[in-house]
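For reference, the structure discussed in these notes is given below.
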Amino acid sequence: MDDRILSLKGELEDKLNAVSDLSELDKLRVSYLGKKGSITALLKGMKDLSVEERKTFGAEVNKLKAYAAEKIDEKTRQLKEAEVKREIESMPRFDITAPVDLDGGSYHPITLVQRQCEDIFKSMGFTVEDYPEVVTDYECFESLNIPKHHPARDMQDTYYLENGQLLKSQTSAAQNAILKKFGKNLIENGVPIKAIFPGRCFRNEATDACHENTFFQMEGVMVDKDISISNLIFFMKTMLSEVFRKDIKVRLRPGFFPFVEPGFELDISCLICGGEGCPSCKHSGWLELCPCGMIHPNVLSEGGIDPEKYTGFAFGLGLTRLAMMKYGIKDIRDLNSGRLKALAQFTDDE
Ligand code: FA5
């Protein structure tokens, strides 16, 4: 082997042994294999050799070039592995066998409010239903009288999966399944449908003090013969007076939702600012808490219930906002913050 090639090979091996980080290694690669590198220079210098010399020398230089590339790749792998190992070792260690300090935990404010609402509605004969977070377009929109391209969809832009399913933007997504589940008992045995279904909802939302992209609602439906707006108002009033245990100002105003007719917005006077206006209520003094209305005939029919014979109401309580009002939490984002110290200050006052 040519002396120059031999010495270059030895020198490269020594340098590779000494190199200890990836940026140094990259410099080394450039100094041998780059445009102005020493191996590239050997190849460039071949133009001065005879044809015969060029053949043998060229083959040797190309062998060295392949050898150098292979060794540099190998060293890159080794250094990357060492880096990952160092990172893992520097991570804090948790002893997963350590006993759990149960006294240190507490229920999340939303869990507390949810359980309280469940108890209130259970005591009035409602069942508590569970429903998935991933739903179909039919469940979340079509079955609720919101066909494709309906403008009401714009208010509830959510997160879509590649298979066309979506993260539910409203607990109303369970209405159709609930009507179908309990409709038979209503029609055959005259047992009214009375169900609530709390759940996590998702929206592609610009967050602020009263809007989150992930929040909780609690839907409720009641269907029977002769259900009217008076029944709806009675249940809403009972729920609010039980939750707050004090007089709070409430207002009912018209609201549009394609799945109810008539539809209402039920707002409560903001308990953070006493109705003066603050970021928690978008400076209006009122907080939209529980839209509701009489279930639209199309929604009843879609659920297999004859709207000529039966009527019903539905409501969609903003559980996260209810927790804010009950516990005086000024910014909704604190509830998803995971700051245990802040969240642990709320206790079940029942
Ligand atoms: C609905 O979601 C309807 N499904 C409610 C409904 C049910 C109407 C049954 C009629 C009959 P809306 O988008 O307004 O409506 O949300 C209902 C409540 O959820 C709001 O009043 C609010 O309290 C809460 N909410 C909505 N968006 C957010 C959000 N981004 N962050 C926190 N809470 C929210």
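Just follow the structure's listing: the first ligand is 1, and inside any ligand the first atom is 1. All residue numbers refer to positions in the sequence shown, counting from 1.
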Which one holds for [X] and ligand 1: side chain close, backbone close, both close, or neither close, with close meaning a heavy atom under 4.0 Å?
X	result
Leu289	backbone
Glu219	side chain
Cys210	backbone

Suppose I only count heavy atoms of [X] and a 4.0 Å limit; which atoms of ligand 1 are within that range?
X	value
Phe259	3 (C), 4 (N), 6 (C), 7 (C), 8 (C), 9 (C), 10 (C), 11 (C)
Glu205	29 (C), 30 (N)
Gly318	19 (O), 23 (O), 24 (C)
Gln170	1 (C), 2 (O), 3 (C), 4 (N)
Gln217	1 (C), 2 (O), 16 (O), 17 (C), 18 (C), 19 (O)

Touching ligand 1 at all, [X]? Heavy atoms, strictly under 4.0 Å?
X	answer
Cys292	yes
Val260	yes
Gln156	yes

Only distances under 3.5 Å count here; give the side-chain donor-acceptor pairs of residues 297-304 to other protein atoms, sequence neighbours excluded, each with its distance to 0.1 Å.
| residue | atom | partner | partner atom | Å |
| --- | --- | --- | --- | --- |
| Asn298 | ND2 | Asn145 | OD1 | 3.1 |
| Ser301 | OG | Pro297 | O | 3.1 |
| Glu302 | OE2 | Tyr138 | OH | 2.7 |

Going by heavy-atom distance to atom 12 (P) of ligand 1, choose the closest among Glu265, Arg203, Glu288.
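Result: the heavy atom closest to atom 12 (P) of ligand 1 is in Arg203.
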What's the shortest distance from [atom] to any protein heavy atom, and which residue and atom give it?
atom	answer
atom 33 (N) of ligand 1	Phe215 CD1, 3.5 Å
atom 14 (O) of ligand 1	Pro291 CG, 3.6 Å
atom 15 (O) of ligand 1	Phe257 CE2, 3.4 Å
atom 31 (N) of ligand 1	Glu212 N, 3.0 Å
atom 32 (C) of ligand 1	Ile332 CD1, 3.4 Å
atom 22 (C) of ligand 1	Arg321 NH1, 3.3 Å

Is there a side chain to side chain donor-acceptor pair (under 3.5 Å) between Thr136 and Gln165? Walk through the geometry before answering.
CA-CA 5 Å; Thr136 59; Gln165 288 186 303; over 6 Å; no
Does Tyr67 have Lys9 sitting over its ring (NZ/CZ under 6.0 Å from centre, angle to axis within 45°)?
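Relative to the ring axis of Tyr67, which defines the angle, Lys9 lies inside both limits.
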Does anything in residues 271-292 form a side chain to side chain donor-acceptor pair (under 3.5 Å)? List the pairs, not counting sequence neighbours.
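Residue pairs passing side chain to side chain donor-acceptor pair (under 3.5 Å), neighbours aside: Arg253-Glu288.
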For Lys55, is the NZ atom crowded, meaning more than 12 foreign heavy atoms sit under 6.0 Å from it?
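No, NZ of Lys55 has 12 or fewer neighbouring heavy atoms, counting only those of other groups under 6.0 Å.
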If you count the non-hydrogen atoms of other residues, nucleotides and ligands that lie under 6.0 Å from CG in Asn189, is the total more than 12?
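Yes, CG of Asn189 has more than 12 neighbouring heavy atoms, counting only those of other groups under 6.0 Å.
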Taking 4.0 angstrom as the limit, do Arg77 and Glu81 come out as a salt bridge?
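Salt bridge between Arg77 and Glu81, a charged N being under 4.0 Å from a carboxylate O: no.
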Salt-bridge contact Asp224-Lys194 (side-chain N to carboxylate O under 4.0 Å)
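Result for this pair is no, no salt bridge flagged.
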With ring-ring contact (aromatic ring centres under 6.0 Å, His included) as the test, would you mind laying out the steps for Phe126 and Phe235 before giving the verdict?
CA-CA 11 Å; Phe126 284 72; Phe235 282 105; 5.3 Å; yes
Any chance the side chains of Tyr131 and Glu139 put a donor and an acceptor closer than 3.5 Å?
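Judged by distance alone, the side chains do pair up.
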Grouping I, L, V, M, F, W and Y whenever their side-chain heavy atoms are under 4.5 Å apart, do Leu42 and Met46 come out in a common cluster?
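Hydrophobic grouping puts Leu42 with Met46.
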